[in-house]
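Working notes for the structure below.
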Amino acid sequence: MAARVLIIEDNEQNLYLITYLLETAGYRVIQAMDGLAGIELAKSVDPDLILLDIQLPGIDGYAVARELRSHAVLKEVPIVAVTSYAMVGDREATLAAGCNGYLEKPIDPDSFLGDVARYLPAPSGSGGGDP
Ligand code: MN
């Protein structure tokens, strides 16, 4: 079964690009455009990975990550922050909030899937090992 990726991202262009890249690679994508919607979906769809924008309307990505980690069923799901924040310390802040890793915007289509795959099992049908 295809891995399910929940994207929590308010920017339509980024949401479109990430969705396109993941669906083309065989992942199932679930979309949320704000943190509260993302938290509700995370509890209902049992995602294999959550891609989390940090700059979100309402509650920000740090608060979303902390909330997700407070739910027993979501304690183990990989959360990868996707953010244009580039300052020293932001990476540590995402990890402190409960994220497993950090991807920088702008999304690079050539490296994105490889970056994401490090946090996921391979899509069904893919027989390759680690490069
Ligand atoms: Mn944003």
Side-chain angles (χ1 to χ4, degrees):
M1 197 164 77
R4 287 181 300 277
V5 180
L6 171 62
I7 308 170
I8 307 175
E9 166 66 81
D10 66 309
N11 180 283
E12 287 189 26
Q13 288 184 332
N14 284 323
L15 188 59
Y16 179 87
L17 175 60
I18 294 170
T19 298
Y20 173 79
L21 292 170
L22 290 172
E23 288 186 341
T24 300
Y27 296 108
R28 279 192 52 199
V29 172
I30 302 101
Q31 299 177 334
M33 294 191 74
D34 66 64
L36 291 177
I39 291 165
E40 287 310 304
L41 279 171
K43 290 189 281 190
S44 62
V45 304
D46 187 26
D48 297 294
L49 174 74
I50 298 173
L51 295 176
L52 175 63
D53 182 26
I54 296 299
Q55 290 179 290
L56 289 166
I59 62 173
D60 68 15
Y62 300 117
V64 173
R66 287 191 292 268
E67 175 69 16
L68 292 173
R69 288 300 186 223
S70 74
H71 294 276
V73 295
L74 297 171
K75 273 200 160 48
E76 305 296 334
V77 61
I79 302 174
V80 179
V82 183
T83 176
S84 53
Y85 287 3
M87 293 170 59
V88 172
D90 291 333
R91 182 185 185 92
E92 287 71 21
T94 61
L95 299 181
C99 296
N100 299 76
Y102 176 103
L103 295 178
E104 280 191 20
K105 293 177 188 172
I107 298 297
D108 179 351
D110 293 329
S111 61
F112 177 75
L113 287 172
D115 292 338
V116 167
R118 289 190 286 124
Y119 300 96
L120 268 173
S124 56
S126 168
D130 289 334

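The residues of the chain are indexed from 1 along the displayed sequence. For ligands, and for the atoms within them, numbers begin at 1 and follow the listed sequence. Computed over heavy atoms, backbone and side chain alike; hydrogens, waters and symmetry mates excluded.
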Atom of D53 nearest the Mn ion (ligand 1) (restricted to N/O/S, atom name only): OD2

N, O or S atom of Q55 closer to the Mn ion (ligand 1) than 2.8 Å: yes

Path from I18 to I50 over hydrophobic side-chain contacts below 4.5 Å: no

L56 versus I8, closest heavy-atom pair with distance: CD1-CG2, 3.8 Å

N, O or S atom within D10 nearest to the Mn ion (ligand 1), by name: OD1

Whether over 12 other heavy atoms sit under 6.0 Å from R69 CZ: yes

From NZ (K105) to CD (E9), nearest 0.5 Å: 3.5 Å

